[in-house]
Amino acid sequence: MLISYKVPNFSLGKNRGPQSAKAVRAQMDLSITQPDDWHLHLRDGELLQAVVPHSASHFGRAIVMPNLKPPVTTTAVALAYRESILKVLPSNSDFIPLMTLYLTDNTHPDEIKLARKSGAVFAVKLYPAGATTNSQDGVTDLLGKCLPVLEEMVEQNMPLLVHGEVTDPEVDIFDREKVFIDTVLTPLVQKLPKLKVVMEHITTQDAVKFIESCDEGSIGATVTPQHLLLNRNAIFQGGLQPHNYCLPVLKREIHRQAIVAAVTSGNKRFFLGTDSAPHDRRKKECSCGCAGIYNAPVALSLYAKVFEEEGALDKLEAFTSFNGPDFYGLPRNTSKIKLSKSKWAVPVAYPFASGEVVPMFAGQTLEWYPSSAV
């Protein structure tokens with residue numbers, strides 16, 4: 001990572017005094033290896049076309065989530081979805097979508113072989129049935145119904161990406177991640193210690209402790225901007241804030257602090273995954289709003305904010321650009337991206353053909369501005 005400072009060259013005229021320290025403030029630029037997004041929702045149709053450019057302008061690759069309607073359960077469907085993404089990319093984009101399969105109770109081990117052979121499918125996603133958006137077709141009993149598939153994933157070195165929440169209605173929504181670790185994830189890694197697992201969008205100190213207790217290279221975790229910057233107060237301050245509602249739901253401040261500490265420590269087990277999840281404004285601002293925060297346009301700005309506030313900008317590049325590809329066994333990107341310490345205003349919304357999407361921190365001013373990759 002290269003950090004550069006640009007100091008304005010002020011001349012002192014005949015009748016001019018020294019410039020104030022405020023006026024001679026240096027501009028700081030960061031040059032980092034182009035990041036990847038290891039957890040991204042692109043949707044389909046009109047919304048796909050509207051949101052793809054935001055991710056493609058900053059990220060080299062992205063693990064694309066399969067929870068469409070109907071879900072992406074086969075390699076053939078994944079390949080077709082990949083083509084639909086490629087068709088709407090900007091003409092000068094080198095963005096590479098890395099596809100995933102949606103695990104169900106009926107997934108067959110042969111589908112994992114096809115996925116690996118395709119060269120385009122890089123992981124399988126576990127949604128416990130009913131856990132989040134379009135998860136009604138998810139798994140009801142992981143080890144009871146999916147063990148042959150999981151064993152084949154070990155053979156094919158295919159990672160399992162888990163939405164780490166139980167869906168038992170008797171479990172408090174703020175405890176669903178911890179209970180998942182205790183009742184599903186711990187038995188899973190004990191049963192299949194060679195299975196590569198990514199715990200997606202972690203939200204608790206319990207998840208941090210679990211990830212740190214596992215062997216490096218076998219268990220990883222993605223971390224979102226919202227879970228680094230917001231706690232659950234953000235859902236309710238000034239009235240109900242639907243655009244701060246996501247699943248897993250935001251947690252207490254103690255959990256946010258634990259995640260920030262883990263991410264900025266330099267631990268290789270944690271890497272960038274935005275969980276950027278666009279919804280039409282009308283599906284967020286309604287009597288039963290959808291879960292999901294759209295952060296693709298602001299994600300890099302917000303990650304830089306977190307690392308700067310923690311005095312850890314020297315560790316930003318590893319989190320955004322190295323830890324993810326290293327875990328997946330993929331080469332790191334060779335292109336660079338520049339982050340400038342330059343204020344910019346987040347648009348209040350991004351329109352698309354039949355509606356608009358409200359981004360995270362809409363209308364607010366951010367202090368890091370990411371350029372396109374070079």
Side-chain angles (χ1 to χ4, degrees), residues 1 32-40 55 58-66 72 75 78-79 81-82 85-86 94-103 107 109-126 146 149-164 185 188-189 191-202 207 210-223 262-263 266-275 315-337 373:
M1 180 177 71
I32 63 172
T33 301
Q34 186 178 21
D36 301 304
D37 187 346
W38 299 97
H39 185 126
L40 177 65
S55 293
H58 298 151
F59 298 102
R61 298 166 290 195
I63 286 282
V64 180
M65 293 295 106
V72 180
T75 302
L79 294 177
Y81 184 29
R82 182 178 185 272
I85 296 169
L86 294 175
D94 295 323
F95 178 78
I96 301 173
L98 309 176
M99 309 312 294
T100 61
L101 298 185
Y102 185 116
L103 185 65
T107 302
D110 287 346
E111 195 62 54
I112 305 304
K113 296 177 183 177
L114 289 173
R116 177 55 74 197
K117 186 177 180 180
S118 73
V121 177
F122 289 83
V124 176
K125 182 65 183 283
L126 165 65
C146 301
V149 172
L150 297 172
E151 291 173 336
E152 186 60 40
M153 290 172 63
V154 173
E155 291 297 315
Q156 300 296 332
N157 195 30
M158 180 77 71
L160 177 70
L161 318 181
V162 303
H163 180 110
L185 197 51
L188 173 65
V189 299
K191 181 73 173 179
L192 297 170
K194 294 183 179 180
L195 178 67
K196 297 192 77 165
V197 178
V198 178
M199 191 173 184
E200 302 281 18
H201 42 51
I202 62 168
F210 177 80
I211 298 299
E212 290 177 341
S213 72
C214 297
D215 293 337
E216 188 174 297
S218 60
I219 309 294
T222 58
V223 185
V263 163
N267 191 316
K268 296 179 180 180
R269 297 172 176 86
F270 302 95
F271 40 92
L272 186 158
T274 65
D275 192 22
K315 297 181 175 65
L316 176 66
E317 186 176 35
F319 171 77
T320 62
S321 312
F322 299 161
N323 297 349
D326 290 355
F327 182 88
Y328 275 84
L330 296 172
R332 298 173 179 179
N333 294 322
T334 56
S335 55
K336 297 286 185 177
I337 192 169

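Note that these values count all heavy atoms, side chains included, but never hydrogens, waters or copies made by symmetry.
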Self-check item: Heavy-atom side-chain contact between F271 and V223 under 4.5 Å
Solution: no
For the backbone of C214 and the side chain of R269, can you confirm whether one donor and one acceptor N or O come within less than 3.5 Å of each other? yes
Nearest heavy-atom contact between M153 and P159 is CE-O, 3.4 Å
Q.
Test your reading of the model: is there a side-chain donor-acceptor pair from E317 to the backbone of F322, 3.5 Å cut-off?
A. no
Residues S218 and D215: closest non-hydrogen pair is OG-O, 2.7 Å
message: Would you say that more than 12 heavy atoms from the other residues, nucleotides or ligands in this model lie under 6.0 Å from the NZ of K315, or not?
response: yes
To the nearest 0.5 Å, atom OG1 of T274 lies from atom CD1 of I63 at 12.0 Å
To the nearest 0.5 Å, atom CD1 of I112 lies from atom CG of L103 at 7.0 Å
- Task: Apply the test side-chain contact (heavy atoms from CB on, under 4.5 Å) to residues L160 and L192: give CA-CA distance (whole Å), side-chain angles for both, the deciding distance (0.1 Å), then the verdict.
- Result: CA-CA 11 Å; L160 177 70; L192 297 170; over 6 Å; no
Q) With a 4.5 Å heavy-atom cut-off, do T33 and K336 have their side chains touching? A) yes
**Q.** W38 and F327 aromatic centres sub-6.0 Å
**A.** no
ask   = Are V198 and Y328 close enough that some pair of their side-chain heavy atoms sits under 4.5 Å apart?
value = yes
_Test item: L101 and P66 side chains (from C-beta on) under 4.5 Å apart, heavy atoms_ = no
Do H163 and H201 have side-chain heavy atoms sitting under 4.5 Å apart?
yes
So do V149 and E152 actually touch side chain to side chain, heavy atoms under 4.5 Å?
-> no
Note to self: A side-chain contact here means heavy atoms from C-beta on lying under 4.5 Å apart; do V189 and L195 qualify?
What the structure shows: no
Output for pair (E151 CD, Q156 CD), nearest 0.5 Å, gives 13.0 Å
d(N333 CG, D36 CG) to nearest 0.5 Å is 4.5 Å
Output for pair (N323 CG, E216 CD), nearest 0.5 Å, gives 8.5 Å
Output, in order, the C-alpha distance, side-chain angles, deciding distance and verdict of side-chain contact (heavy atoms from CB on, under 4.5 Å) for D37 and L272.
CA-CA 6 Å; D37 187 346; L272 186 158; 4.0 Å; yes
Separation between CE (M99) and NZ (K125), nearest 0.5 Å, reads 13.0 Å
*asked:* Before you tell me yes or no, could you show the steps for D275 and E200 under side-chain contact (heavy atoms from CB on, under 4.5 Å), namely the whole-Å CA-CA distance, both residues' side-chain angles and the distance that decides it to 0.1 Å?
replied: CA-CA 8 Å; D275 192 22; E200 302 281 18; over 6 Å; no
So with a 6.0 Å cut-off around CG of D110, is the heavy-atom count from everything else above 12?
yes
Minimal heavy-atom distance between M158 and A123, with the atoms involved, is SD-N, 3.3 Å
Closest non-hydrogen atoms of P97 and F95, given as atom of the first, atom of the second and distance, are CD-O, 3.7 Å
Next on the checklist: Using a 3.5 Å distance criterion without hydrogens, assess whether the side chain of R116 forms a donor-acceptor pair with backbone atoms of N157.
Outcome noted: yes
Closest heavy-atom pair, A221 versus I202, reported as atoms and distance to 0.1 Å, is CB-CG2, 3.8 Å
Heavy-atom nearest pair, V64 first then T100, reads O-OG1, 2.6 Å
_Is it the case that the side chains of Q34 and S321 hold a donor-acceptor pair, with the cut-off being a distance below 3.5 Å and no angle test?_
no
- [ ] Determine, stepwise, if the pair R61 / L330 fulfils side-chain contact (heavy atoms from CB on, under 4.5 Å).
- [x] CA-CA 11 Å; R61 298 166 290 195; L330 296 172; 3.8 Å; yes
